[in-house]
Amino acid sequence: MSETHTAAEVAAPHRYTAALAADIEARWQDFWDEHGTYEAPNPTGDLTEGEGGAGLAQRPKKFVMDMFPYPSGAGLHVGHPLGFIATDVYARFHRMTGHNVLHTLGFDAFGLPAEQYAVQTGTHPRASTEANIANMRRQLRRLGLGHDKRRSVETIDPAYYKWTQWIFVQIFNSWYDPEARKARPIDTLVAQFEAGERATPDGRPWNALSAVERAGVLGEYRLAYASDAPVNWCPGLGTVLANEEVTAEGRSERGNYPVFKAKLRQWNMRITTYADRLIEDLDGLDWPEAIKLQQRNWIGRSEGARVDFPVAADGDAKITVFTTRQDTLFGATYMVLAPEHELVERIVPAAWPEGTHDVWTGGYATPTEAVAAYRKQAAAKSDVERQAEAKDKTGVFTGAYATNPVSGEQVPVFIADYVLMGYGTGAIMAVPAHDSRDFAFARAFELPMRCVVEPSDGRSSDPSTWDDSFDSYEAKIINSSGAGVALDGLVVTDAKAKITEWLAKRGIGEGTVNFRLRDWLFSRQRYWGEPFPIVYDEDGVAHALPESMLPLELPEVEDYSPRTFDPDDADTSPETPLSRNEDWVNVKLDLGDGPKQYRRETNTMPNWAGSCWYELRYLDPHNSDRLVDPAVEQYWMGPREGQPSGGVDLYVGGQEHAVLHLLYARFWSKVLHDLGHIASSEPFHKLFNQGMIQAYVYRDSRRIAVPATEVEERDGAYYYQGQQVSRVLGKMGKSLKNAVTPDEICAEYGADTLRLYEMAMGPLDVSRPWDTRAVIGQYRLLQRLWRNVVSETTGEVSVVDAEPDEATLRALHKAIDGLSQDLAHMRFNTAVAKLTELNNHLTKVREVPRTVAESLVLLTAPLAPHIAEELWRMLGHETSVVHAPFPVADPAYVQDEAVTCVVQLKGKVKARLEVPPTISDEELERLALADPAVVAALGDAGIRKVIVRAPKLVNIVPA
RNA sequence: GCCGGGUUGGCGGAAUAGGCAUACGCGAAUGUCUCAAACACAUUUGUCCGAAAGGGCGUGCGGGUUCGAGUCCCGCACCCGGCACCA
């Protein structure tokens, strides 16, 4: 103790202060670690021990999970732990209501930032990542989060990524059987080929194919496959990216570099085979509708038809289009191929046909020149430019004509970049009268339009008079009769069905479903990721490593930095850091047919890989024989009542993962389920998106952020070093100079105060601004709580062994009831408010009865566990409050003895009556009409009607 | 452009199921304690009129349903998020 005691310290030497909080918190954090307080028992395996391990079968379980953090070098700011605190409160509440609760936290530690940081500072990514993890573990421990530390995983741990690689091998060694609607081992497909049940592409028997040919055939089926395909190449990052990692502006999500299309040999996951199931199974999940919708939109299912248009000059060639409006086939007056479409070379004639319109040729002498020029121009265009020019349609005539299969009409074939190679078949039939894009193109190129859907908005049926196309699903089809089929008079849906059937009968089309979703590009030209468990033999055939060779550890290399290029130089190609280690790349292995020379795959997996399945490893983190013990997985995640697909009971994280991580994880889950490795077919049953904690950003006249803590407010304006600065709400972060760390708040008030503040700020799913000033409110609450149980002068427990009075009992049971419901439904902000109300009530009671104090402490425990443990111990309990039973409300005290009934006159409150809650309507009406204030307000006016809602309301309507 | 979410005091927010608008907290004002300040504690705090009693007005804007609307319906404005030439 120092010499200079403040007056308050002298007057109240045992007040709850930051120093006392720090002492309490450190002690209990040590206690929890020593006693394994948060260890949840498994039904079998090495983790059957754990607090409350007995009677596993009788107790409900709860698997509560956060999206695990990426260990950034900047450490945590107060925004990061919001979700962690929420799940912790939720987990603690469920422990106290008798659940076996699994709650832990790992680290998603492979990925670009660690590597970029490592390159900048010259440290190995493992070293910087481990240091970051250690720092974050320290910061998180300070918050008193009740994690089962035995179960924490790190994706960079070889013991962990052994199983990431193992899962990759499972996916590589399977195919999707559309009949069974599930993934099956690739052997079952080979068996079909061998037995001749399934024909090879060229019809030869399976055993007549060479090993290379067989590998090629199987590659068309494997769920993980390498292929040459146009991919997103980002020279600035030196790697290729998944579609999901490219922004709408055609730039990289990380780093914001330009992204180009380049044809490269890359690994992919056949996620498209699961498109339907990924949509269907959303129905059984308890997810925010907004997120489900985003996933549905991303997968983008659309029903339509494929239709073949024979090329007029080349009887064998046909252009297959995908359309959702096959009912408008009679209105198709031209066709468009994507510029890259492979049919283009084949159909282009030597010369322009007789009478070719001038605007169609682009001013070139021959179709070949025109097409080549347009292709070049289109390829050079970035996605940004392409979108900016979306309204100005460009294109060029190929010189070829195709035959409309229903009208027999010859329609010109164009190429134009408004048709995308990656969607549908890369070719469309253009119906300018009923599609706005085709309409714009037809206007620009003076192409004919035919109205085949009767306009229902009063316009004429002559498209030449229109400003835009007409689109309706309720309208009737017109002008659509021809060779063998007539659609006139049918509404759109009926016309679709009829024409689809007709096309199918003729073998020139069929009803089909198309998806926006593409296969998932799975390889990266990076060092800091999981190596692929794949080697290539001398013929270039890929082989998966057997389980006995896993994990395939990430080798040391001289230079782990990616080869990056001028961000704008599209004519570059990636170089993998792993390829620089020749000793590692070239290996002699025995994969079952004797030692042979192989070459390793030198790409690494994307950073999503490790997060696609980590929930499973939490369950059985040390199992070296299996990914997860089936009995353990069944116990924690198996399907059950109301959770048809099984999964984690609660998963909390940010909205930014709506499609990426959540879609990938669902896909892996389904494959593992199909192959019989897990009982659950969805990883996360309930998903909750927490909002962001925002912070004010102050900028000076040069728009540069200034340190937020040094800004002063005067008369509604803000000043930094005398200069006025602007204020906007933004993200919290180091670069914006507005980050507040949990460490500083813990130092000033303690972790319990921080926890309460974050929970009290507002509903968990809403974003709101951080306000350091307001934190003190929760500090005061804890001081009041402390004072309600402990004397500030003696430090002794001050509760009395007396019966609580009626009002206190009602306040207590109301709080118990309110907190029970609020915590169960994750309404943490109102839970804190109710705890505050109870505390405020007890502050007014001179002496707090022991029984009430004990309940108060139990109610506090999920939210502020340290102070609750300390008070629980001081009240004489030997065991931790963590597993103490949460109080149960007595309904007799939840309801008020007297209810305030409002008496309204035409909806305006005129009087209040204190009445018993059981009062009858008749009695209440009598009382209300007799009330002097009501009589006075009513005056001479008669009564037309009286609405009585006993016991809360009477509304009188005067005549 | 399309889809989704939102708009309540000076601020964060509360309001089962259409029934007392503003719980709880911050801030502010006043007071107690203190030589003083800070802390803590107590009281007040939507707004307008009024000395008060009391009254008027109030949940983004305009309309509607209803005895009664922050809540339901129609139209509009603004803000935030997602998707975006997807055939």
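Lettering of chains follows the sequences in order, A, B, ..., and the numbering in each one begins at 1. What you are looking at is a predicted structure, and each value in this text was computed from that prediction instead of being measured.
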> Would you call the rings of A/Trp786 and A/Tyr16 parallel, tilted or perpendicular, where under 30° means parallel and over 60° means perpendicular?
Replying inline: tilted
> Which class fits the ring pair A/His657 and A/His661: parallel under 30°, tilted 30 to 60°, perpendicular over 60°?
Replying inline: perpendicular
Between [M] and [N] - [atom1] atom distance, rounded Å:
{"N": "B/G62", "M": "B/U45", "atom1": "P", "answer": "29 Å"}
{"N": "B/G55", "M": "B/G50", "atom1": "C1'", "answer": "9 Å"}
{"N": "B/G12", "M": "B/U16", "atom1": "C1'", "answer": "23 Å"}
{"N": "B/C35", "M": "B/G46", "atom1": "P", "answer": "35 Å"}
{"N": "B/C49", "M": "B/G58", "atom1": "C1'", "answer": "15 Å"}
{"N": "B/A15", "M": "B/U71", "atom1": "P", "answer": "15 Å"}
{"N": "B/C76", "M": "B/C2", "atom1": "P", "answer": "11 Å"}
{"N": "B/G1", "M": "B/A84", "atom1": "C1'", "answer": "8 Å"}

For atom [atom1] of [X] and atom [atom2] of [N], their distance in whole Å:
{"X": "A/Leu781", "N": "B/C41", "atom1": "CG", "atom2": "P", "result": "11 Å"}
{"X": "A/Arg516", "N": "B/C3", "atom1": "CZ", "atom2": "C1'", "result": "13 Å"}
{"X": "A/Arg325", "N": "B/A87", "atom1": "CZ", "atom2": "C1'", "result": "11 Å"}
{"X": "A/Leu782", "N": "B/G25", "atom1": "CG", "atom2": "C1'", "result": "13 Å"}
{"X": "A/Trp786", "N": "B/A40", "atom1": "CH2", "atom2": "P", "result": "17 Å"}
{"X": "A/Ile291", "N": "B/C83", "atom1": "CD1", "atom2": "C1'", "result": "13 Å"}
{"X": "A/Tyr749", "N": "B/G25", "atom1": "OH", "atom2": "C1'", "result": "13 Å"}
{"X": "A/Lys292", "N": "B/G4", "atom1": "NZ", "atom2": "P", "result": "15 Å"}

Between [Y] and [X], is there a side-chain heavy-atom distance shorter than 4.5 Å?
{"X": "A/Val396", "Y": "A/Phe414", "answer": "no"}
{"X": "A/Pro339", "Y": "A/Tyr374", "answer": "yes"}
{"X": "A/Trp298", "Y": "A/Arg516", "answer": "yes"}
{"X": "A/Arg306", "Y": "A/Thr323", "answer": "no"}
{"X": "A/Val957", "Y": "A/Ile947", "answer": "yes"}

>> Nearest to the side chain of A/Arg15, heavy atoms from C-beta on, is which of B/G4, B/A14, B/C39?
In response: B/C39
> Nearest to the side chain of A/Asp417 - B/G13, B/C67, B/C85?
Replying inline: B/C85
Heavy atoms under 4.0 Å, any strand shown: does [X] hit a base, just sugar-phosphate, or nothing?
{"X": "A/Arg773", "value": "sugar-phosphate"}
{"X": "A/Ser436", "value": "nothing"}
{"X": "A/Gln783", "value": "sugar-phosphate"}

>> My understanding is that only residues two or more places apart in sequence, or in another chain, count here; which of them pass side chain to side chain contact (heavy atoms under 4.5 Å, CB included) with A/Val513?
In response: A/Arg301, A/Glu303, A/Phe515
Go through the structure and list residues passing side chain to side chain donor-acceptor pair (under 3.5 Å) with [X], not counting sequence neighbours.
{"X": "A/Tyr334", "value": "A/Tyr418"}
{"X": "A/Asn514", "value": "A/Tyr423"}
{"X": "A/Trp520", "value": "A/Tyr664"}
{"X": "A/Arg375", "value": "A/Glu345"}

>> Reading RNA chain B from 5' onward, which residue's closest nucleotide shows up sooner: A/Gly777 or A/Lys844?
In response: A/Gly777
> Yes or no on side-chain contact (heavy atoms from CB on, under 4.5 Å) for A/Leu278 and A/Gln295, after CA distance, side-chain angles and deciding distance?
Replying inline: CA-CA 9 Å; A/Leu278 287 168; A/Gln295 290 223 344; 5.8 Å; no
Grab the N/O contacts between the protein and nucleotides 19-24 of chain B below 3.5 Å, and write none if there aren't any.
{"unit_1": "B/G19", "atom_1": "O6", "unit_2": "A/Arg949", "atom_2": "NE", "d": "3.3"}
{"unit_1": "B/G19", "atom_1": "O6", "unit_2": "A/Arg949", "atom_2": "NH2", "d": "3.4"}
{"unit_1": "B/G19", "atom_1": "N2", "unit_2": "A/Gln904", "atom_2": "OE1", "d": "3.3"}
{"unit_1": "B/G19", "atom_1": "N2", "unit_2": "A/Asn955", "atom_2": "ND2", "d": "3.1"}
{"unit_1": "B/C20", "atom_1": "O2", "unit_2": "A/Arg912", "atom_2": "NH1", "d": "2.2"}
{"unit_1": "B/A23", "atom_1": "O2'", "unit_2": "A/Glu837", "atom_2": "OE2", "d": "3.2"}

> When you measure from every atom of RNA chain B, which of residues 419-435 of chain A have a heavy atom less than 4.0 Å away?
Replying inline: A/Val419, A/Leu420, A/Tyr423, A/Ile428
>> Please give me every residue in residues 296-306 of chain A whose heavy atoms get under 4.0 Å of an atom in RNA chain B, ordered by residue number.
In response: A/Ser302
>> Does anything in residues 415-430 of chain A form a salt bridge (Lys or Arg N to Asp or Glu O under 4.0 Å)? List the pairs, not counting sequence neighbours.
In response: A/Lys381-A/Asp417
> Below 4.0 angstrom from OP1 or OP2 of B/G27, is there any side-chain N or O of A/Arg780?
Replying inline: yes
> So, the side chain of A/Lys292 versus the backbone of A/Leu282: is there a donor-acceptor pair under 3.5 Å, distance only?
Replying inline: yes
>> Only Watson-Crick and G-U wobble pairs, only distances under 3.5 Å, only runs of 3 or more: what stems does that leave for RNA chain B?
In response: B:1-7 with B:77-83, B:10-12 with B:24-26, B:27-32 with B:40-45, B:46-49 with B:54-57, B:60-64 with B:72-76
Taking distance alone, no hydrogens or angles, what donor-acceptor pairs closer than 3.5 Å link side-chain atoms of residues 773-782 of chain A to residues at least two apart or in another chain?
{"unit_1": "A/Tyr779", "atom_1": "OH", "unit_2": "A/Ala18", "atom_2": "N", "d": "3.2"}

> Under the salt bridge (Lys or Arg N to Asp or Glu O under 4.0 Å) criterion, do A/Asp467 and A/Arg443 qualify, and how do the steps go?
Replying inline: CA-CA 10 Å; A/Asp467 296 327; A/Arg443 270 285 149 87; 5.6 Å; no
>> Taking syn as a glycosidic torsion within 90° of 0 and anything else as anti, which one is B/G63?
In response: anti
What's touching nucleotides 78-81 of chain B from the protein side, N or O pairs under 3.5 Å?
none

> With a 3.5 Å cut-off and no angle check, do the side chains of A/Asp435 and A/Ser469 form a donor-acceptor pair?
Replying inline: no
